[in-house]
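The structure appears right after this line, and notes come after that.
Below, read A as the first sequence line, B as the second, and so on, with proteins coming before strands; counting in each chain starts at 1.
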Protein chains: 2
Amino acid sequence: MPKTPLQLIQRCHSTPTVSCSQCRLASICLPISLHVEDVDRVDSIIQRGRPLQKGDYLYHAQDKFHAVYAVRSGTVKTIASTNDGKEQVTGFYLPGEILGLDGVATNVHTNSAIALETSAVCEIPFDKLDELGAHIPNLHRHMFRLMGREIGTEQQLITLLSKSNADERVATLLLSISSRNGRRNLSVTSFRLPMSRADLGNYLGLTVETVSRTLSRFQKQGLIEADKKEITITNLDALRKLADISLFDCA
Amino acid sequence: MPKTPLQLIQRCHSTPTVSCSQCRLASICLPISLHVEDVDRVDSIIQRGRPLQKGDYLYHAQDKFHAVYAVRSGTVKTIASTNDGKEQVTGFYLPGEILGLDGVATNVHTNSAIALETSAVCEIPFDKLDELGAHIPNLHRHMFRLMGREIGTEQQLITLLSKSNADERVATLLLSISSRNGRRNLSVTSFRLPMSRADLGNYLGLTVETVSRTLSRFQKQGLIEADKKEITITNLDALRKLADISLFDCA
DNA sequence: CGGCGCCTTGACTTGCATCAAAAGTAGTGG
DNA sequence: CCACTACTTTTGATGCAAGTCAAGGCGCCG
């Protein structure tokens, strides 16, 4: 069976030996403003572990915080548990994106991170990153920006949860995945949703049934084609009109 | 008419001349880990403006980001506007708390900040704070922690909006205000809600009517006494049981 | 082939929104 | 000081979007 371009790319990113300077995702994950030699210095502190299998934990809530993680391939979700046993999916992280910034405040992770499929991540020890910041002027700036982006993304989710109906929520999430694929030069109209309907609903504050119904309706209305997790957006403009865009554009 | 202790404290904090090392709120707003001389250096870059009147904007969305702000007295809310005209209240900031960290990511504020009552703030220029960080080892750490705390608070709000009913939301907010008052050594059982029912509902993803009804019911159930904005919690344990605590404890 | 997850679809219920109106409160100016 | 307006809060009546409960289908894997 021949490999699709997507699979080739993913295999490429999973290769544990590729350095930051050679990584196709560096423009997303690393600051553009770093000099070549600085990239190499960052590179030198990064640990590249073996891939995570679906369902594997990258870290658990209550674990001591010592590193942030860049997704190299696959997808990772983060979840927060309330003390009455409910779980909230707090984010989905695609290749090139950074997770683990919860925990900066208290030095303990408040979320757990779980691979949604076979995934590879780069581990970036936070204290070493901090030290390195003393010698690379833009690095602290970049880290602030990363955290700021997380804050912005979360505020958009808050607005979505607080003010939008099911249609707007689902449409917004589809467009978010779409545009984040675009940043990695993948198709914005045709992609695979890496998460289950249950995770999707959990993230969006909806039940599985509502997510399913909404997607079915979108399909009937000719906005998308959905075959299990494979999504094709057939009417991008209409979907954009449904979602309150401006949300998640740069997530 | 004699001044209540609360009024005296607030007057004290509004005094534009009080330095960080003399400020009662320093333990909340500044890192405990800073040395005395470092506090003075931070103090030297802080601008103290004249008080904001109710309704005054501290900054507008789209304003260039150049500073963060510490609330000295009063209360400030932040709001994000969606491009279809809706507004989302993204946070309430009480004395000692820091706002304005949106904007770090893009150097442009994404929220607007508005005084809910007569308020005084300290303006802390961000680039100077960043520079100072090169000489004060713990300062960057502290800034990371501040942003991390913001991320944590937002995740708790996300969980609240996504998983809780009206009772839990309102109860949680009351407890949040209560415990934040406690940090300032004010009463945890008796306080004034600085925001309108509309702002409260907006923040919690509820309508004004629902907030009002919920508070009325809490009162009938003997959980609180509510006289306009003056709230007295008469059954703290029951309220805690209603809310899923763990949320907002350290907000 | 059977069991187990995940997804979809239908029927019914419900918590909160919406609509409406009145009462309370604050602000303003004569 | 009161009259006037404008806003905020409360309370009631009604409707609806999404949740709940239930059943069946599909793909996957041992």
Side-chain angles (χ1 to χ4, degrees), chain A residues 1 53-55 75 77 86-89 114-118 160-174 192-221 224-231 242-244, chain B residues 53-56 75 77 86-89 114-118 160-174 192-221 224-231 242:
Chain A
M1 186 175 163
Q53 297 305 312
K54 177 174 178 172
T75 316
K77 73 171 173 182
K86 288 177 287 193
E87 280 184 350
Q88 172 68 36
V89 174
I114 305 170
L116 291 177
E117 54 190 326
T118 305
L160 197 69
L161 291 171
S162 172
K163 300 278 179 296
S164 298
N165 61 24
D167 282 15
E168 291 166 347
R169 295 187 202 190
V170 174
T172 302
L173 182 117
L174 291 176
R192 182 183 160 81
L193 282 182
M195 69 292 285
S196 70
R197 302 284 192 267
D199 282 335
L200 231 159
N202 187 310
Y203 180 69
L204 295 174
L206 301 170
T207 58
V208 196
E209 294 94 326
T210 300
V211 171
S212 178
R213 275 187 252 269
T214 305
L215 287 174
S216 299
R217 192 153 22 76
F218 281 0
Q219 182 152 12
K220 279 204 198 82
Q221 295 168 342
I224 63 170
E225 291 287 324
D227 174 32
K228 271 199 61 77
K229 306 203 163 177
E230 292 295 334
I231 301 286
L242 242 183
D244 179 31
Chain B
Q53 295 306 311
K54 177 175 178 172
D56 285 353
T75 316
K77 71 171 174 183
K86 287 177 288 195
E87 280 185 350
Q88 172 67 37
V89 173
I114 305 170
L116 291 177
E117 53 190 326
T118 306
L160 197 70
L161 291 172
S162 172
K163 300 279 180 295
S164 299
N165 61 26
D167 282 14
E168 290 167 348
R169 295 186 202 191
V170 174
T172 302
L173 182 116
L174 291 176
R192 181 184 163 80
L193 283 181
M195 69 291 285
S196 70
R197 301 285 192 266
D199 282 335
L200 231 159
N202 186 312
Y203 179 70
L204 295 174
L206 302 169
T207 57
V208 197
E209 293 94 324
T210 300
V211 172
S212 178
R213 274 187 252 271
T214 304
L215 287 174
S216 298
R217 192 154 22 77
F218 282 180
Q219 182 150 13
K220 279 202 199 83
Q221 294 167 344
I224 62 170
E225 291 287 324
D227 174 32
K228 274 208 54 81
K229 308 205 161 174
E230 293 295 334
I231 302 286
L242 242 184

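- The side chain of A:Ser216 contributes an N or O atom lying less than 4.0 Å from OP1 or OP2 of C:dT9.
- Under a 3.5 Å cut-off, the side chain of B:Thr172 and the backbone N or O of B:Glu168 do form a donor-acceptor pair.
- Counting heavy-atom neighbours within 6.0 Å of A:Lys86 NZ, excluding the residue itself, gives a total above 12.
- Per the geometry, NZ belonging to B:Lys220 stands 7 Å off P belonging to D:dG12, to the nearest Å.
- Nucleic acid contact class of B:Lys54 (heavy atoms, under 4.0 Å, all strands): none.
- Taking only side-chain atoms of A:Ala166, from C-beta outward, the nucleotide of C:dC16, D:dT9, D:dA18 with the closest atom is D:dA18.
- In this structure, A:Arg197 atom CZ and D:dC26 atom P are separated by 16 Å, rounded to whole Å.
- When heavy atoms are screened at a 4.0 angstrom cut-off, A:Gly201 is found touching no nucleic acid atom at all.
- Distance B:Glu230 CD to C:dT25 C1': 15 Å, rounded to the nearest Å.
- Rounded to an integer number of Å, the gap from B:Lys163 NZ to C:dG15 P is 18 Å.
- A donor-acceptor distance shorter than 3.5 angstrom exists from the side chain of B:Asn202 to the backbone of B:Glu87, with no hydrogens or angles considered.
- Comparing D:dT10, C:dC16, C:dC7 by their nearest atom to the side chain of B:Ser212 picks out D:dT10.
- Residue-to-nucleotide proximity on DNA chain D shows that, of A:Arg217 and A:Lys228, the 5′-proximal contact is made by A:Arg217.
- Judged purely by atom type and a 3.5 angstrom limit, A:Arg169 uses its side chain to pair as donor or acceptor with the backbone of A:Leu161.
- B:Asp167 CG to B:Leu206 CG: the interatomic distance, rounded to the nearest 0.5 Å, is 9.5 Å.
- In this entry the distance linking CD of B:Glu209 with P of C:dC19 reads 10 Å, nearest Å.
- Rounded to whole angstrom, the span from the CG atom of B:Leu116 across to the C1' atom of C:dA26 amounts to 17 Å.
- Contact annotation for B:Leu206: backbone-only contact, meaning every heavy-atom pair under 4.0 Å involves sugar-phosphate atoms and none involves a base.
- For the pair A:Thr210 and D:dG19, the criterion of a side-chain N or O lying under 4.0 Å from OP1 or OP2 is met.
- Here the P atom of nucleotide C:dA23 and the CZ atom of B:Arg213 are 17 Å apart, to the nearest Å.
- Contact annotation: B:Thr207 side-chain N/O to C:dA17 OP1/OP2 distance is under 4.0 Å.
- Sequence order on DNA chain C of the closest nucleotides to B:Asp227 and A:Val211 puts A:Val211 first from the 5' end.
- In this structure, B:Asp167 atom CG and C:dC16 atom P are separated by 7 Å, rounded to whole Å.
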